[in-house]
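Remarks on the structure that follows.
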Number of protein chains: 2
Amino acid sequence: MMEVKTRPRTAQTLREALEDDIAVGRYPPGSRLDEVTLATRFAVSRTPIREALIELSVAGLVEIRPRRGAFVRDIGISRLVEMFQVMAELEAMCVRLACRRMTAEEQAVLVAAHEACILAADQQTPDDYFHANERFHEAIYAASHNGFLAEQARALQNRLKAYRRLQLRVRNRVKGSLAEHQAIVDAVLEGDAEKAENVLRSHILIQGERFNDFVASLDGAKASLLS
Amino acid sequence: MMEVKTRPRTAQTLREALEDDIAVGRYPPGSRLDEVTLATRFAVSRTPIREALIELSVAGLVEIRPRRGAFVRDIGISRLVEMFQVMAELEAMCVRLACRRMTAEEQAVLVAAHEACILAADQQTPDDYFHANERFHEAIYAASHNGFLAEQARALQNRLKAYRRLQLRVRNRVKGSLAEHQAIVDAVLEGDAEKAENVLRSHILIQGERFNDFVASLDGAKASLLS
DNA sequence: TCAATTGTTTTTGTATACAAGCGAAGTGGT
DNA sequence: ACCACTTCGCTTGTATACAAAAACAATTGA
């Protein structure tokens, strides 16, 4: 069997490596994750592979069907909308708390992250914007001063990573995202918690909708998901 | 070493067994979970024990410090408050959605669960009330018609199980809890989503506060936590 | 020709064996 | 006597071996 480029396994854990491979689409939803194949690919025994797969299954990215193996969890579109709904609520909570509690430094970090987003959006590199966007939201999580909430938000953001990335491909979505960020920053700087909360909530909800559009637009042409 | 009563391991998984043991206090926060000890206790090899511990660590009940073992996660009081805050928001979201979406049958289930709580509260058995209470909240999760949200709510409720149980020991807490439930049911039946949301939110937040009281009241006498 | 049953093969789940790191205790030096 | 260093034991992390279940294929009977 033809060996595809195997990442050198720097210092990152097996779990992170698999997480990335799933997010990037190397292992598409529904595909089987064979233990021995993975073991040979990463040049380890089955044991650490199994442990990584268990972690991923608890985290929700992988489904382990007893006695028949691990599969990349295929999230239906309706469940995806549900997840974005919860994500919206978590982020709304974050920004609400952030409005009350955030320090001047944290405000500066948020503004800087926003400006980085603007820069990344200008040059037509969608992946750069994707990462700048992640840091923007991270700034809000951290500013909530609720460590547990921030963890939950990060975990769910990570679980939705693949879909958030795709959703950015929708026409004019980056521009729209940016405008929403601006509104959020404005509200936060004004200290208008209620406004910030509402804008952020719909900023997330719109992602679920745009993803829906995206899927609908390709319809039969599932193959191009990995284009 | 003296063998304490080892549960016969009916059909439940190792993970659930350990979860229970932690919730019940057999393994108090901070205590070390030795792999070989657990292996002999459950009469299995280290492998399935390790896998269960990994699951628990991802779920957040256990902390695995590399190369030094697994410990029951010791949740500080401030983090606990954070967790109750998030729980409150999740439940508020559940009831808000439930108000809009719940069917007549689901309303009936909720009312029935509430009545079961009243019955359980009358007879002075705190554990019965605890379980009836769980079913009451479960009815709300299910009625949200957002499967993912319901899963998240259940997971967090489970993680807080030990603390919710203790918090019920505070003077008059059961009576107070019941009154709050009544208010929630009323609001839901009226279809007043905003009211239901607010009442439920503070119903959860109050648990964090009452737990705080509870800890403060014993103060030095940590030993009696397991009374 | 098709279905069913049986035998083979592949794959998961568990046990055991082995390697390597951390901690504790002991030893030697100052 | 006190501190640093070394060594030994115990525990985790990983590899391998084995058992059992599921998938697959082939053969036989209708």
Side-chain angles (χ1 to χ4, degrees), chain A residues 1-4 6-22 26-74, chain B residues 1-4 6-22 26-74:
Chain A
M1 176 168 277
M2 167 78 173
E3 271 297 320
V4 194
T6 289
R7 180 175 322 104
R9 300 270 348 280
T10 58
Q12 77 189 316
T13 69
L14 228 45
R15 196 197 97 255
E16 291 169 307
L18 285 172
E19 234 171 51
D20 267 23
D21 285 345
I22 291 174
R26 171 168 192 161
Y27 300 114
S31 64
R32 206 175 113 70
L33 298 170
D34 185 68
E35 295 180 358
V36 301
T37 309
L38 290 171
T40 58
R41 180 157 108 73
F42 289 106
V44 293
S45 81
R46 278 178 53 218
T47 313
I49 295 288
R50 277 184 67 86
E51 298 189 341
L53 288 176
I54 289 172
E55 289 182 47
L56 292 176
S57 83
V58 177
L61 272 99
V62 156
E63 187 181 351
I64 294 181
R65 296 212 271 280
R67 284 279 176 200
R68 45 192 57 179
F71 300 79
V72 179
R73 186 147 185 188
D74 192 1
Chain B
M1 175 166 276
M2 167 79 176
E3 271 299 316
V4 194
T6 289
R7 180 174 325 101
R9 299 270 348 279
T10 59
Q12 76 190 318
T13 69
L14 227 45
R15 195 196 98 256
E16 291 170 308
L18 284 173
E19 232 171 51
D20 267 23
D21 284 346
I22 291 174
R26 170 167 191 162
Y27 300 113
S31 63
R32 205 175 116 69
L33 298 170
D34 184 70
E35 295 181 357
V36 302
T37 307
L38 291 171
T40 57
R41 181 157 107 74
F42 288 106
V44 293
S45 81
R46 276 177 54 217
T47 312
I49 295 288
R50 277 184 67 87
E51 298 188 342
L53 289 176
I54 289 172
E55 288 182 49
L56 292 177
S57 83
V58 177
L61 272 97
V62 156
E63 187 180 350
I64 293 182
R65 295 211 272 280
R67 284 278 174 203
R68 44 191 60 176
F71 300 79
V72 178
R73 187 145 184 190
D74 193 1

**Request:** Answer yes or no: is there an ion pair linking A/R41 with A/D21, defined by an N-O contact shorter than 4.0 Å?
**Result:** yes
**Fill in**
In terms of heavy-atom contacts, A/V58 and B/A59 come closest through CG1-N, 4.1 Å
**Prompt:** For B/E35 and C/dT16, what is the distance between atoms CD and C1' respectively, to the nearest whole Å?
**Reply:** 14 Å
**Asked** Within this structure, what is the CG-to-C1' distance between A/D34 and C/dT9, rounded to whole angstrom?
**Response** 14 Å
**Request:** Going by the side chain to side chain contact (heavy atoms under 4.5 Å, CB included) test, name the single residue among A/L53, A/I49, A/L38, A/L56 that passes it with A/L14.
**Result:** A/I49
**For atom CZ of B/R68 and atom C1' of C/dG23, their distance in whole Å** = 9 Å
**Request:** Check whether any side-chain nitrogen or oxygen of A/R67 sits under 4.0 Å from OP1 or OP2 of D/dA20, and answer yes or no.
**Result:** no
**Item:** Distance-minimising heavy-atom pair for B/R73 and B/P29
**Value:** O-CB, 4.1 Å
**Fill in**
Rounded to whole Å, CZ of A/F71 lies from C1' of C/dT12 at a distance of 11 Å
**Message:** I need the residues from residues 45-58 of chain B with at least one non-hydrogen atom less than 4.0 Å from DNA chain D; give them sorted by number, or say none.
**Reply:** B/R46, B/R50
**Item:** Residues B/D20 and B/R15 bridged, charged N to O under 4.0 Å
**Value:** no
**Prompt:** How is B/R32 classified with respect to the nucleic acid when contacts are heavy atoms under 4.0 Å: base, sugar-phosphate, or nothing?
**Reply:** sugar-phosphate
**Asked** Looking only at heavy atoms, what is the nearest atom pair of A/G30 and A/F71, with distance?
**Response** O-CD2, 3.6 Å
